[in-house]
Enquirer: 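My structure is below; once you've seen it, I'll send some questions.
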Amino acid sequence: MNELERIVGRKGKVMVIDDDIGMMDAMSVVLKKYDIQVIPFTEPITALENLKNNEYDILIINYLMNPVRGDEIVKLVREFNKEIYIILMSGHKELTPSIDTMRSLDIQAYFEKSSRFDQLVLLIESGFKYIASIENAKKMSHTIELHAIEIVDILRNTVGAKDNFTKDHSDRVAKYSTIFGKYLNLSDEDLNTLVLAAQFHDVGKIGIGDSILLKGGKLTPEEYNHMKLHPLISTNILSACKIFEKSLPLVKYHHEQYDGNGYPTGIKGTDIPYLARVLTICDAFDAITAKRPYKEATTLEYGFEELLNGAGKQFDPELINKFIDCIKQNYEEAKAIHASSF
Ligand SMILES: [Fe+2]
Ligand SMILES: [Fe+2]
C-alpha cells in the first residue's frame, strides 16, 4: 500500500514521460514493486492528450528529449493542469533547467537519473504525502463550510420563526437564481455565490421590529426608512462567516436600482455588481408574483410586464430580457416555484 492509499484510500497514479525506453522499463519494474501504478509514455504529445482526459497524481518527466524538451512540455501541462505534482528528471547534471524555471513551472522535485531508484521512490512518496495533505485540507474546509451553512441555516430558521414569509421567499429567490444563473452560463463559483446570496439576502430582517416586518398594510415613510436598513443588517450578520465573503456585495446591493434610485448607497448602472443586478431581478420577480400576507399572487406574465416596466429604471434592461427568456424556457419549473407561494 502506498502513502496516498494509506491516507486517502485510493491508489496513486503516476505518468512517466521519457523517450529512453530502456530506462522507462527499468523504472516501471521498480516502481511497481512499491505498489505504484505507473503509466509510461515515450511520446510527449500522446502523453499530453492522455493527461487532458485522465486523472493522474504525479507526472515524472525527462528533461532532455527529442524533439521537445521536458520543461516545454511542463509549460503546456500547466496551461490546463495546475494541480499535478511534477518531478523532473535528467541524466545530465550540467544540463538541467534553472531553479527559476522550475519554480515558475511549479515543478516540485528533481531527480538525477541513476540505475538506483530509491531516491525516486522517496520523491514519489513525498509527492503522495503532499497530495494526501492537500486532499485532507480540502475535505476539512468542505466540512467546515457545511457546518457554517448549518449554523447560518439556524439563523434563517430563526428569522422564519418570526417571519415565515421571508424564509419561503428566500428559498424561491434561490430557485429562480439557480435557473437564471445556469441560463447565463455562470461559472460554478459565481452560481454558488449567487445562490448563497439569494438564500440569505433578507436575513437582516431579523433586526427589523415586528410592528414593521409583520405589518399588513402600507409602511409609513419612517417605517420604510427602517425597513431599508435590512440589506446592511444582512451584510453585517453574514460578514462574520468567510463562506459568504463573495456573496456580501450581492446582499448589500440587492435593493440598488439601475437608475441610482435604490438603497442603501444609490450606486447605479454597471457600478452595481453584475451578480447583484441578477439577484435583484430574481428577488423582485418573486416579490411581484408570489402570494403575500397582504396580497394575492399574480401571474408570471404579469411579473414579466412589471419587470419590463422597470427595465432601465429599477433593473438592468439587458438582464430583464434574458430573465424573461429564461423563465419562458423553464416555464414548468418556474410555475412550480411560483405555486409554492400559495
Ligand atoms: Fe430585501
Ligand atoms: Fe428579498
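In each ligand, atom 1 is the first atom listed, and ligand 1 is the first ligand listed. Basis for what follows: all heavy atoms, side chains included, without hydrogens, waters or symmetry-related copies. Note that the structure is predicted; figures quoted are calculated from it, not measured. All residue numbers in this chain count up from 1 along the given sequence.
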Enquirer: To the nearest 10 degrees, calculate the angle at the Fe ion (ligand 1) involving NE2 of H254 and NE2 of H255.
Expert: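 It comes to 90°.
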Enquirer: Short check: any N/O/S atom of H169 below 2.8 Å from the Fe ion (ligand 2)?
Expert: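 True for H169.
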Enquirer: Atom NZ in K322, atom CD in Q329: separation rounded to 0.5 Å?
Expert: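 With rounding to 0.5 Å, NZ (K322) is 12.5 Å from CD (Q329).
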Enquirer: Would you say the ring centers of F315 and Y258 fall short of 6.0 Å from each other?
Expert: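 Distance test on ring centres: not under 6.0 Å, no.
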Enquirer: From the N, O or S atoms in D283, identify the one nearest to the Fe ion (ligand 2).
Expert: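 For D283, the N, O or S atom at the smallest distance from the Fe ion (ligand 2) is OD1.
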Enquirer: With respect to the Fe ion (ligand 1), what is the nearest N, O or S atom of H230?
Expert: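 Going by distance to the Fe ion (ligand 1), the closest N, O or S atom in H230 is NE2.
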Enquirer: Quick check: of its N, O or S atoms, which one does D202 have closest to the Fe ion (ligand 1)?
Expert: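 Distance check against the Fe ion (ligand 1) picks out OD1 in D202.
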Enquirer: Does the ring centre of H201 sit less than 6.0 Å away from the ring centre of H230?
Expert: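 Here the rings of H201 and H230 have centres that are no less than 6.0 Å from each other.
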Enquirer: Using a strict cut-off of less than 4.0 Å between a Lys/Arg side-chain nitrogen and an Asp/Glu carboxylate oxygen, indicate whether E333 and R172 qualify as a salt bridge.
Expert: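 Salt bridge flag = no for R172 with E333.
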Enquirer: Closer than 2.8 Å to the Fe ion (ligand 2), do we get an N, O or S atom from D286, backbone or side chain?
Expert: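 So D286 does not count as coordinating the Fe ion (ligand 2).
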Enquirer: When I60 is tested against each of L120, I17, V38 for side chain to side chain contact (heavy atoms under 4.5 Å, CB included), which residue passes?
Expert: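 Only match with I60 under side chain to side chain contact (heavy atoms under 4.5 Å, CB included): L120.
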